[in-house]
Number of protein chains: 2
Amino acid sequence: MTRAAASRPARERLLAAAGELFYESGIAATSVDAVLARAGVSPATMYAHFAGKDALVAAYLEQRHEVWRRTWDAVLAEREDPVERLLSLFDAVGRYRSHEGNRRGCAFLAAATELPADHPGHRWLEADTHLLVERLRTLASAAGVPDPDDAAATLLLLYDGALDRFARAATTPGLPDDDPLVRARALAATWVDAQLAGRRRT
Amino acid sequence: MTRAAASRPARERLLAAAGELFYESGIAATSVDAVLARAGVSPATMYAHFAGKDALVAAYLEQRHEVWRRTWDAVLAEREDPVERLLSLFDAVGRYRSHEGNRRGCAFLAAATELPADHPGHRWLEADTHLLVERLRTLASAAGVPDPDDAAATLLLLYDGALDRFARAATTPGLPDDDPLVRARALAATWVDAQLAGRRRT
DNA sequence: GTCTATACTCCGATAGAC
DNA sequence: GTCTATCGGAGTATAGAC
């Protein structure tokens, strides 16, 4: 019984296995063999679907990017208040994490430290940052924040901080257990309120 | 001319080479051979000083931890105002980065995503978090912040966020160029002021 | 499309001389 | 303490049959 359930197509099983192993153990530390074993796929089949490990890594990152984007879309679709829409970033992270079962930090930031500069997967790291900055800028503008660029930079800082705290908690269990997302969201809300109050006074 | 200047002892050259390569290219992606080549040291010499790659990695992390701690110590020694001492974290990061020439993010968080849970270097990742939390808690208490645990958690979040923005900037150059440390420090200062104002009113 | 078996490179670590 | 030379194993990728 070395094979996984072969009901789903091989490509799908490979991506699922890669998603778990790359995220849990790191990309460089995960061998192709390990992915093959978990997916229950032979080497030749994998190389029929992906040009090599680099291509598999890129597909893994693309998959995460798409799921994350759709998760945020879904949360946004539930919000009407402009400020709530701006702060939806933190709610979307919470939903993404609970849905995907992510215990560690941000897969894209982890990949950024592991991949060489010319790796094909780099495209998705840039796409992640681009999505965050552009969307935050647009939402901040719609919410009436005076300086949308400034708002995007501030919320991105709080977002990164919250995700890194998850990574820290994974290595050092003895930390205070409060939810970094709640903290980051609260700080963001306070900051946005101050910005809007400043605008009203001006 | 494949050898580096052999003036310094081999162990020192190995640590210097490891410090550059592990940080720039990642730990798992850096082979022992690459470290040996840059240090101008033969394999046998390295294994006379370090039990293996894991031990070299642990020594690399210990070295970074010590330098970082001393840098923060030096900045703290220059500050007398309790609030300035609490915020010195961000100034210390700035000095550490300019001194060490770090263009990427936090070496400890990067290592946390790369190293398996039982790696000997894990001790220094915990030491890093422990130093941050304990020191921030003590400094916050001295500054008269009502809830020192809360303050430590908030400043740690801003600290992590700033460091991650550096990692992001390394992968996506098209971002707004402002200094994340300045932003994080400003947010921290505002938060601390609000805490102190709240205490005075209470 | 998928498998078994294998080629070949690179890595981490060691043996033994000086 | 330091070197040269090399071993054993793991890793990525391919060949060829079904």
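Below, chains carry the letters A, B, ... as their sequence lines are ordered, and counting in each starts from 1.
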Listing, residues 18-26 of chain B side-chain donor-acceptor contacts under 3.5 Å, not counting sequence neighbours, or none:
residue: B:Glu20; atom: OE1; partner: B:Arg38; partner atom: NH1; Å: 2.1
residue: B:Tyr23; atom: OH; partner: B:Arg104; partner atom: N; Å: 3.1
residue: B:Tyr23; atom: OH; partner: B:Arg104; partner atom: O; Å: 2.7
residue: B:Tyr23; atom: OH; partner: B:Gly105; partner atom: O; Å: 2.8

Using residues 51-59 of chain B as the side-chain source, report each donor-acceptor pair under 3.5 Å to any protein atom, sequence neighbours left out, with the distance given to one decimal.
residue: B:Lys53; atom: NZ; partner: B:Ile27; partner atom: O; Å: 3.2
residue: B:Lys53; atom: NZ; partner: B:Thr30; partner atom: O; Å: 2.7
residue: B:Asp54; atom: OD1; partner: B:His119; partner atom: NE2; Å: 3.1

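For B:Phe50 and D:dG1, the CZ to C1' distance is 14 Å, given to the nearest whole Å. For the pair A:Leu56 CG and D:dG11 C1', the interatomic distance rounds to 14 Å; values are reported in whole Å. Atom pair A:His119:NE2 and D:dT12:P shows a separation of 12 Å (rounding to whole Å applied). For the pair B:Glu12 CD and D:dT2 P, the computed distance is 12 Å after rounding to whole Å. What separates NE2 of B:His49 from C1' of D:dC3 is a distance of 13 Å, to the nearest Å.
Between A:Asp73 and A:Arg69 there is a salt bridge, since a side-chain N of the basic residue sits under 4.0 Å from a carboxylate O of the acidic one.
For A:Arg123, the salt bridge (Lys or Arg N to Asp or Glu O under 4.0 Å) test picks out no residue, with sequence neighbours left out. Every residue meeting the side-chain contact (heavy atoms from CB on, under 4.5 Å) condition with A:Ala140, not counting sequence neighbours, appears here in chain and number order: A:Leu86, A:Val145, A:Pro148, A:Ala151. In this structure A:Asp150 satisfies the salt bridge (Lys or Arg N to Asp or Glu O under 4.0 Å) test together with B:Arg183, sequence neighbours excluded.
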Problem - Under 4.0 Å protein heavy-atom contact, by nucleotide of nucleotides 5-18 of chain C - B base, S sugar-phosphate only - result: B-----SSBBB---
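Distances shown here put a side-chain N or O of A:Thr45 below 4.0 Å from the OP1 or OP2 atom of C:dC3.
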